[in-house]
Amino acid sequence: MKKLLCFLKDYRKESILAPLFKLLEASFELFVPLVMAAVIDTGIADKDYGYIGKMGAILVLLAVVGLTAALTAQYFAAKAAVGFSTKLKHALFEHIQKLSFSDMDRVGTATMITRMTSDVNQVQSGVNLVLRLFMRSPFIVFGAMVMAFTLDVRAALVFVVAIPLLSVVVFGVMLASIPLYKKVQAALDSILGRTRENLTGARVLRAFNKQEEERENFERENKELNRLQMVVGRIAAVMNPVTYIIINGAIIALIWIGAIHVNAGTLTQGEVVALVNYMSQILVELVKLANLIVNVNKAVACGNRIQEIFEMEPGLTESESPESPDGKEKEETMVAFEHVGLTYPGASEESLTDINFSVKRGETVGIIGGTGSGKTSLVHLIPRFYDITSGSLKIDGVEADRYSLEELREKVGIVLQKSVLFQGTIRSNLLWGKRDATEDELWQALKIAQAEEIVKKKKDALEERVEQEGRNFSGGQKQRLAIARALVRKPEILILDDSASALDYATDAALRKAIREQLTGMTLFIVSQRAASVRNADKIVVLEDGNVVGIGKHEDLLDNCGVYREICESSLSGAERGKGGRNEG
């Protein structure tokens, strides 16, 4: 948590002025009981209405000045806290962007969201409270006790007894609550994760009729969170009645002792009232201080959780002396897998084993296999979403990990399995591929991706609004627009990771034909479970359980690869399976 305080360095002035103005407000507050004592002892006792009016004006003045000081303190505290959380969120978001897919898989999306939202908000609240109350509450407690001793030493001894008793109760409740608050936060993490899964996977849940099961799981976790909060609430609820018993007992003692001293003429009635007011101030401030410490501990716990993310070293490291093929003679081989293996973090077995093949510049390669065969894992190695764990992977003659990530990913365009469109316009989405793309480049990319007609039919064409995640477009439309976005940049390597699954066969064939004819020289990887999508590729790589079980053309694999033959038999008609049938449909 201490390391996060560096984000406050630009708000040093506000961090100093906020507590100073709070101390100023507290000072005026300590004078109020003395003014009231004077009103009772002089104004009311002597029926001096002019004096009462004068003292009343002083009370109003103290209130106005105190309120002004409090508002000023709140302004500086809020400015510092909000500025701190803004810088923290930016830094956290920037750090998360550097994390690899493996890092994200290990931590989990729900946890990242909680860190970015709930945890940061809790830390912001903690910073705000510390700046406003951390100095004010102790100042009031000790200031009130000192003022009590200036009024009457023997009566002030009640404060010496009451304050430790109040502190034991208040801080005892606090110490019992803090560990439970940490458990509450962990339970909140769990329920947020389940909520997110249910919202994003609503269609799958309905398809498998799992709504009731997920509802039961949610209710179970919600009940556990509720139970923990109830336990914390019961412990916290003890504080008020016990503290009020102590404080009322102390007030009774003060009135009793005060009455004796008033009767003896050593203490005035106004001074007794002032002592009671000081005791009430102490109670209020001790409760505030306890709540402050509870909130600070929650903020520290959340800050430590945020710090854990900052301390995560990105799984992908860039070479200190990156290489580049620029200026060199172009290699004939664009991508070369040499006995490549991949083991995901925490996995006991390899997901990819001994992958060994090469792809020439401008070739079209089909990657096919059953569900879980490792197709996506294989193509994710090319842009270094994951690092290989054995073997060698070369891109344009240079080891993939010798590139800077920026340069490597400039060479590679990828359309993922789940097409994602961002809120904005069609134009703004396409410009993600190339910020300075011209109008002609955008329309050419749309034409190749078979999305030109979609855009022209829209009322505002390229300026048509895109809702979050592209909810106002169908699955096929989203896929074509996502492909167009990748094509705008005209990358040297294009990876279509099962990104045409929502397209009909005719559109899929037209897309592949347009890419081959209009983007000559581009190396294309097509990942698919449909044999029709890869049958005309220059080379087809067949995967099963992370192993290459066949490499070759469609006709050769029909004869020599049983896995490929089974896939074709399940997805192609007899005429389409026939050798030599190069049919784009």
Determine yes or no for a side-chain-to-main-chain donor-acceptor pair under 3.5 angstrom, with Asp497 supplying the side chain and Val415 the backbone.
-> no
Would you sort out whether Phe473 and Leu481 count as a side-chain contact (heavy atoms from CB on, under 4.5 Å), showing the intermediate values?
-> CA-CA 10 Å; Phe473 290 87; Leu481 289 171; 3.9 Å; yes
Steps toward side-chain contact (heavy atoms from CB on, under 4.5 Å) verdict (Leu88, Ile306) | CA-CA 9 Å; Leu88 176 57; Ile306 294 169; 4.2 Å; yes
Backbone N or O of Arg215 within a donor-acceptor pair of the Lys210 side chain at under 3.5 Å?
-> no
Mark yes or no for whether Ser428, through its side chain, and Gly424, through its backbone, hold a donor-acceptor pair below 3.5 Å.
-> no
Going from OG1 on Thr376 to CD1 on Ile414, what distance comes out if it is rounded to the nearest 0.5 angstrom?
-> 8.0 Å
Nearest heavy-atom contact between Gly369 and Lys375 is O-NZ, 3.2 Å
Ile540 vs Ile368 side-chain heavy atoms within contact, under 4.5 Å | yes
Using a 3.5 Å cut-off and no angle test, enumerate the donor-acceptor pairs between side-chain atoms of residues 334-344 and protein atoms at least two apart in sequence or in another chain.
{"unit_1": "His339", "atom_1": "ND1", "unit_2": "Asp354", "atom_2": "OD1", "d": "2.7"}
{"unit_1": "Tyr344", "atom_1": "OH", "unit_2": "Ser377", "atom_2": "OG", "d": "2.4"}

Non-hydrogen side-chain atoms of Phe310 and Arg115 separated by less than 4.5 Å = no
Shortest non-hydrogen separation from Gly366 to Ala537 and the atoms involved = N-CB, 3.6 Å
Lys434, NZ: over 12 other non-hydrogen atoms inside 6.0 angstrom | yes
Sole candidate of Ile395, Leu408, Leu393, Val412 that passes side chain to side chain contact (heavy atoms under 4.5 Å, CB included) when paired with Arg384 = Leu408
Any donor-acceptor N/O pair, Asn222 side chain to Phe218 backbone, under 3.5 Å | no
Taken to the nearest 0.5 Å, the spacing of Glu566 CD from Glu569 CD works out to 7.0 Å
Atom pairs and distances, donor-acceptor, side-chain atoms in residues 453-461, under 3.5 Å, two or more places apart:
{"unit_1": "Glu453", "atom_1": "OE2", "unit_2": "Lys457", "atom_2": "NZ", "d": "3.1"}
{"unit_1": "Lys456", "atom_1": "NZ", "unit_2": "Glu452", "atom_2": "OE2", "d": "3.2"}

Here the pair of heavy atoms bringing Ala449 nearest to Ile483 is CB-CG2, 4.0 Å
Counting only heavy atoms not in Glu349, do more than 12 sit closer than 6.0 Å to its CD atom?
-> no
So, His95 side chain and His90 main chain: donor-acceptor pair closer than 3.5 Å or not?
-> no
Find out whether Leu496 and Phe525 are in side-chain contact, i.e. whether some heavy atom of one side chain is under 4.5 Å from a heavy atom of the other.
-> no
Minimum heavy-atom distance between Ala437 and Leu431, given as atom pair plus value = CB-CD2, 4.0 Å
For Arg489, the salt bridge (charged side-chain N to carboxylate O under 4.0 Å, His left out) test, sequence neighbours excluded, returns none
Quick one: closest heavy-atom pair of Pro491 and Ala486, and the distance?
-> CD-O, 3.4 Å
Atom pair SG (Cys561) and CD1 (Ile551), whose distance is rounded to the nearest 0.5 Å = 10.0 Å
State, with a plain yes or no, whether a side-chain heavy atom of Leu430 is found less than 4.5 Å away from one of Ile426.
-> yes
Gln477 side chain to Ser474 main-chain N or O, any donor-acceptor pair under 3.5 Å?
-> yes
Can you find a pair of side-chain heavy atoms, one from Leu381 and one from Leu352, that are under 4.5 Å apart?
-> yes
Using atom types as modelled and distance alone, determine if a side-chain donor or acceptor of Asn226 lies under 3.5 Å from a backbone N or O of Glu224.
-> no
For the pair Arg565 (side chain) and Asp559 (backbone), establish whether a donor and an acceptor sit closer than 3.5 Å, ignoring hydrogens and angles.
-> yes
Spacing of Lys98 atom NZ and Leu405 atom CG [to the nearest 0.5 Å] = 11.5 Å
Are the side chains of Glu350 and Ser390 in touch, meaning some heavy atoms are under 4.5 Å apart?
-> yes
According to the interplanar angle, ranging from 0 to 90°, do the rings of His554 and Tyr564 count as parallel (below 30°), tilted (30 to 60°) or perpendicular (above 60°)?
-> perpendicular
Test Gln444 against Lys490 for side-chain contact (heavy atoms from CB on, under 4.5 Å), laying out the working first.
-> CA-CA 11 Å; Gln444 184 188 14; Lys490 296 181 181 176; 3.4 Å; yes
Residue pairs passing the ring-ring contact (aromatic ring centres under 6.0 Å, His included) test where at least one lies in residues 404-435, sequence neighbours excluded = Phe422-Trp432
Nearest-0.5 Å distance, NZ of residue Lys411 to CD of residue Glu492 = 3.5 Å
Do any N or O atoms from the side chain of Asn472 and from the backbone of Glu467 form a donor-acceptor pair under 3.5 angstrom?
-> yes
Residues that Thr86 engages under side chain to side chain donor-acceptor pair (under 3.5 Å), provided they are two or more places apart | none
Beyond-backbone contact of Val359 with Thr523, side-chain heavy atoms, under 4.5 angstrom | yes
Counting heavy atoms not belonging to Lys539, are there more than 12 under 6.0 Å from its NZ?
-> yes
May I ask you to say whether Arg305 pairs ionically with Glu308, meaning some side-chain N is under 4.0 Å from a carboxylate O?
-> no
Decide yes or no for Leu4 and Lys87: does some side-chain heavy atom of the first lie under 4.5 Å from some side-chain heavy atom of the second?
-> no
How would you list, by chain and number, every residue that makes a side chain to side chain donor-acceptor pair (under 3.5 Å) with Ser125, sequence neighbours excluded?
-> none
Would one find more than 12 heavy atoms of other residues, nucleotides or ligands at under 6.0 Å from atom NZ of Lys89?
-> yes
Do you know which two heavy atoms are closest between Thr438 and Glu441, and how far apart they sit?
-> N-OE1, 2.8 Å
Donor-acceptor pair, Asn560 side chain versus Asp556 backbone, under 3.5 Å?
-> yes
Interatomic distance, Arg471 atom CZ to Gln423 atom CD [nearest 0.5 angstrom] | 8.0 Å
Are any of the side-chain nitrogens in Arg361 or Asp396 under 4.0 Å away from the carboxylate oxygens of its partner?
-> yes
Please check if any side-chain donor atom of Ser190 sits under 3.5 Å from a side-chain acceptor atom of Glu221, or the reverse.
-> yes
For Arg203, does the CZ atom sit with more than 12 other heavy atoms under 6.0 Å from it, leaving out its own atoms?
-> no
Check the pair Lys360, Glu363 against salt bridge (Lys or Arg N to Asp or Glu O under 4.0 Å), reporting the backbone distance first and the verdict last.
-> CA-CA 6 Å; Lys360 293 180 180 179; Glu363 274 192 326; 5.6 Å; no
Give a yes-or-no answer on whether the side chains of Thr425 and Glu464 include a donor-acceptor pair shorter than 3.5 Å.
-> no
Can you spot which of Glu214, Glu213, Glu197, Glu212 makes a side chain to side chain contact (heavy atoms under 4.5 Å, CB included) with Leu205?
-> Glu214
Before giving the answer on side-chain contact (heavy atoms from CB on, under 4.5 Å), spell out for Lys418 and Gln479 the whole-Å C-alpha distance, their side-chain angles and the decisive distance to 0.1 Å.
-> CA-CA 8 Å; Lys418 183 182 178 182; Gln479 285 190 339; over 6 Å; no
